[in-house]
Participant: 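This is the structure I want to talk about, given as structure tokens.
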Amino acid sequence: MIELNAPDQKSVRLESATAGEALEKLGLRGGALAAMVNGKAVDLYRPLTESGSIEPIGPDSEEGLDILRHSAAHLMAQAVAEMYPGTRFGVGPAIRDGFYYDMEIPGGITEEDLPKIEKEMRRIAKRAIPVERREMSKEEALAYFREKDDPYKAEIISELEEEKVSLYFQGNYADLCRGPHVPNTSYVRHFKLLSVAGAYWRGDEKNIMLTRVYGTAFGNEEALEAYIRRMEEAKSRDHRRLGKELDLFSIQAEGPGFPFFHPRGMVILNGLMDFWRKEHTKRGYCEIRTPLILDRSLWIRSGHWDHYRENMYFTEIDEQPFAIKPMNCPGGMLVYKSQIRSYRDLPMRVAELGIVHRHERSGVLHGLMRVRCFTQDDAHLYCRPEQVKDEIIGIMDLCRYIYSDVFGFKYTMELSTRPENSMGSEEQWDIAESALKQALEESGAEYRLNPGDGAFYGPKIDFHLEDCIGRTWQCGTIQLDFQMPEKFDLTYIGADGKEHRPVMLHRTILGSLERFFGILIENFAGAFPYWIAPVQVRILPVSGDFVDYAKETAQKLRAKGIRVEIDERDEKLGKKIRDAQTQKIPYMAVVGEKEMQSGTIAPRERSRGDLGSMPLEEFLEVLAGEFNPLKS
RNA sequence: GCCGGUGUAGCUCAGUUGGCAGAGCAGCGCACUCGUAAUGCGCAGGUCUCCAGUUCAAGUCUGGACACCGGCUCCA
């Protein structure tokens, strides 16, 4: 006899039952995909063996969605297995927003085949084929998949530690899987196949490339449609599209990965830099600029030759080998070394908006998000060991200000530790890692650990921004570096009159100005905040008779440093408003007979609409009231 | 770099089985002198990404290069 308690206090005593039967008795079966029994997700068909808690898992929970999507992946695999005999299967997990399955399909498929596969999936789903779990020994499972000529499954099984594995059967199809799954295929109803892509077996580029089909599934049609709308929304915000439409930047065939910034884009880039400089000056930073091209010996000394050569560009000057800088630090080292430093000089906070070039593989380039030439908002902080923690906390505070206060992003932090291809002793790494950890913990902020993902010269804290439609982007980073000061023999004279080794921090906040610009475009959907908008006010004369008055008004606004333009075209007002609106200009100022006579203007804000006529002075006050971190 | 897809006017895209290269928007001109999200008419605009090949004939078929798009790997 076992006793099961539901979350709503109800309980049942049963002689023997499956999870599904128990839920049924408790009146909780409706809509459940699986059950949570004593904190473990199990199939509804699973016989219960011990007393404890039980609750249903529905498609509205995260676990339920995962189960549903995983089952959708199996359903797709079953369809493909039937339609393309000889297909071998890799892995097919649920992921954020959907699922995928990696397969080796004879003859391959393209996106045009997806509707056919979807159709077959719906056919199978309708038949409500039971999904059954069977446990077996590894040997049995191996024999099963070997017989089916499924070497990828066999490979996974042979590497599993457990003695027993579980397989899920639905009709002729079976898959190695921990489960749980939906009771039968009819539970998977609201799904869509999205795209076809290549993916290396086990994510290793030395392995064969399998065909990956992405799809998604939801508990109801509305959620599926909402997801599709969200994807369309993301597409309409694509910075490459908006960059073209708003004439911000372009990328030309002559410079793959090397963006061209147009006048309007430059306003934003310059705005970012002005704001950034102002904030850094406030916080005790100085600024330097180091050369783009430096002698190869410098890069050998810094370790980049050994660790980063693949990503570097090289050139020659007077038959001497030089390299284009992929990072700013070695140049910065030379500035530090240009004179003797005292402990009184520390901490030194040396910023550099440094342009770096990195050879990125052709397939990874992506608008402004992934380029071959970009501007890092870099800084190197040199300090005494006891200053490290406070400096890190200071950087974290600057990040908070810029990310949250100025741009309104949510963000998370991540601590990355020693990677495989690293320089330096274990002891140094331990000290560096614990320094970062300590600063994080003292700040009280939450963070994630990402083992083995540090830079080759030191551990790091990364900052991930979340944009307004939930995507995340890595921007800022703080990296502790004990290597560079050693390699370049950096010193300062201590109070004791002896030479000491400074600790060095690398850090960026925006990361790459280019990428950050791209993120801003997508986050704001091109409707930039007033302070950084390329054009802040567009004056719209009602007809040609008012162009002179428009010009006068524009002059007055420009004198106040406001970026203004006039729409002088021989078009109707409605057309001019429409065009200014699609250009996402924050303010329009309509001028016609009435305004000219009374010396006023009629402003219109892009999201609030007509603000009514007002004297220019009043409009200037409205503008002065806009958020502007350049002025504070 | 790898897998798959795409490349036609400034932009977005049509273009039948190989047979004279099209539309909308943008641009320019003319008319209208206009009041809060598209006034009308007209004109101009193309080495159909590039290089080879097949063919009487290639935007269309074949091969290669380049670029872009979706992913993988990598990454700010």
Side-chain angles (χ1 to χ4, degrees), chain A residues 100 102 104-105 108-113 194-214 235 238 240-241 244-245 247 250-257 308 310-311 326-328 354 356 358-378 453 455 460 462-464 473-477 479 506 508-516 518-519 540-547 569-583 588-595 602-606 609-613:
Chain A
Y100 67 79
D102 285 348
E104 188 184 343
I105 306 173
I109 58 164
T110 70
E111 298 205 355
E112 280 163 26
D113 298 313
L194 301 170
S195 61
V196 179
Y200 299 111
W201 168 235
R202 315 204 98 173
D204 187 333
E205 62 183 328
K206 290 185 199 81
N207 289 340
I208 184 176
M209 185 160 274
L210 304 174
T211 302
R212 173 173 298 180
V213 177
Y214 282 94
K235 210 174 156 195
D238 191 311
R240 293 166 299 185
R241 169 200 173 102
K244 200 180 274 178
E245 283 173 11
D247 194 20
S250 62
I251 295 177
Q252 319 268 351
E254 288 81 353
Y308 209 71
E310 306 298 294
N311 289 294
M327 295 186 195
N328 302 303
V356 295
R358 297 182 183 176
H359 176 71
E360 299 291 349
R361 303 215 248 175
S362 59
V364 306
L365 301 177
H366 182 90
L368 295 180
M369 302 300 192
R370 193 71 184 275
V371 293
R372 285 176 169 154
C373 166
F374 59 98
T375 315
Q376 285 184 307
D377 67 320
D378 216 340
D453 210 32
K460 58 179 183 172
D462 287 326
F463 294 81
H464 296 262
W473 302 97
Q474 202 216 302
C475 290
T477 177
Q479 306 181 351
H506 308 250
T508 63
I509 311 277
L510 308 177
S512 139
L513 289 193
E514 288 76 1
R515 174 183 284 182
F516 197 77
I519 295 167
L540 314 181
V542 173
S543 81
D545 294 344
F546 314 109
V547 168
R569 293 173 309 165
D570 189 11
E571 289 287 354
K572 296 206 164 162
L573 182 61
K575 169 73 167 166
K576 293 184 182 184
I577 289 171
R578 182 187 157 81
D579 288 348
Q581 204 75 44
T582 46
Q583 285 291 303
M588 286 155 256
V590 175
V591 293
E593 184 66 34
K594 225 170 35 185
E595 287 73 23
R604 183 189 160 97
E605 201 269 345
R606 68 183 161 202
D610 192 355
L611 303 181
S613 284

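Sequence lines set the chain letters: A, B, ... in the order given, protein chains first and strands last, and positions in each chain run from 1. For clarity, every value in this text was computed on a predicted model and none was experimentally measured.
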Participant: Just the dot-bracket of RNA chain B, please: which string comes out with Watson-Crick or G-U pairs under 3.5 Å, [ ] for crossing, | for another strand?
Facilitator: (((((((..((((.....[..)))).(((((.......))))).....(((((..]....))))))))))))....
Participant: Just how far, in rounded Å, is C1' of B/G5 from CG of A/D113?
Facilitator: 12 Å
Participant: If the condition is ring pair (Phe, Tyr, Trp, His ring centres under 6.0 Å), which residues does A/F374 pass it with, not counting sequence neighbours?
Facilitator: none
Participant: Under the ring pair (Phe, Tyr, Trp, His ring centres under 6.0 Å) test, which residues partner A/F546, sequence neighbours left out?
Facilitator: none
Participant: Can you check nucleotides 11-14 of chain B for protein contacts, nitrogen or oxygen pairs under 3.5 Å, and list what you find?
Facilitator:
unit_1: B/U12; atom_1: OP1; unit_2: A/K244; atom_2: NZ; d: 3.4

Participant: Map A/R578 and A/H359 onto RNA chain B by nearest heavy atom, then report which one ends up closer to the 5' terminus.
Facilitator: A/H359
Participant: Not counting sequence neighbours, which residues clear salt bridge (charged side-chain N to carboxylate O under 4.0 Å, His left out) with A/E245? List them please.
Facilitator: A/R241
Participant: A/K206 NZ to B/C3 P: how many Å, rounded?
Facilitator: 17 Å
Participant: Counting heavy atoms not belonging to A/Q252, are there more than 12 under 6.0 Å from its CD?
Facilitator: yes
Participant: Restricting to side chain to side chain donor-acceptor pair (under 3.5 Å), what partner residues turn up for A/D113, sequence neighbours left out?
Facilitator: A/K116
Participant: Taking A/R361 first and then A/E205, would you say they form a salt bridge - that is, a charged N and a carboxylate O separated by under 4.0 Å?
Facilitator: yes
Participant: Quick one, give me the B/S/- string for nucleotides 65-76 of chain B, reading 5' to 3', where B means a protein heavy atom under 4.0 Å from the base and S means that only happens at the primed atoms, P, OP1 or OP2.
Facilitator: --SSSBBBBBBB
Participant: A/W473: which residues meet the ring pair (Phe, Tyr, Trp, His ring centres under 6.0 Å) condition with it, sequence neighbours left out?
Facilitator: none
Participant: For A/E595, which contact category applies under a 4.0 Å heavy-atom criterion: base, sugar-phosphate, or nothing?
Facilitator: base
Participant: Report each atom pair, protein N/O against N/O of nucleotides 24-30 of chain B, whose distance is under 3.5 angstrom.
Facilitator:
unit_1: B/A26; atom_1: OP1; unit_2: A/K575; atom_2: NZ; d: 2.7

Participant: Ignoring hydrogens and angles, does a donor from either the side chain of A/E310 or the base of B/G1 sit under 3.5 Å from an acceptor on the other?
Facilitator: no
Participant: Within the structure shown, what part of the strands sits under 4.0 Å from A/G574 by heavy-atom distance: base, sugar-phosphate, or nothing?
Facilitator: sugar-phosphate
Participant: Kindly write out the residues that satisfy side-chain contact (heavy atoms from CB on, under 4.5 Å) with A/D610, not counting sequence neighbours, or none if the list is empty.
Facilitator: none
Participant: For A/K572 and B/G35, what is the distance between atoms NZ and P respectively, to the nearest whole Å?
Facilitator: 7 Å
Participant: Separation of A/D545 atom CG from B/U33 atom P, in whole Å?
Facilitator: 10 Å
Participant: Contact class for A/A602 vs. all strands (heavy atom < 4.0 Å): base, sugar-phosphate, or nothing?
Facilitator: base
Participant: Could you walk me through whether A/R240 and A/D238 satisfy the salt bridge (Lys or Arg N to Asp or Glu O under 4.0 Å) test, starting with their C-alpha distance in whole Å, then the side-chain angles of each, then the deciding distance to 0.1 Å, before giving a yes or no?
Facilitator: CA-CA 5 Å; A/R240 293 166 299 185; A/D238 191 311; 2.6 Å; yes
Participant: Under the ring pair (Phe, Tyr, Trp, His ring centres under 6.0 Å) rule, collect the residues that match up with A/H359, sequence neighbours excluded.
Facilitator: A/Y313
Participant: Report the distance from atom CE of A/M588 to atom C1' of B/G35, rounded to the nearest whole Å.
Facilitator: 14 Å
Participant: Please name all residues satisfying salt bridge (charged side-chain N to carboxylate O under 4.0 Å, His left out) with A/D102, sequence neighbours left out, ordered by chain then number.
Facilitator: A/R212
Participant: Measure CG/A/N207 against C1'/B/C3 and give the value in whole Å, please.
Facilitator: 14 Å
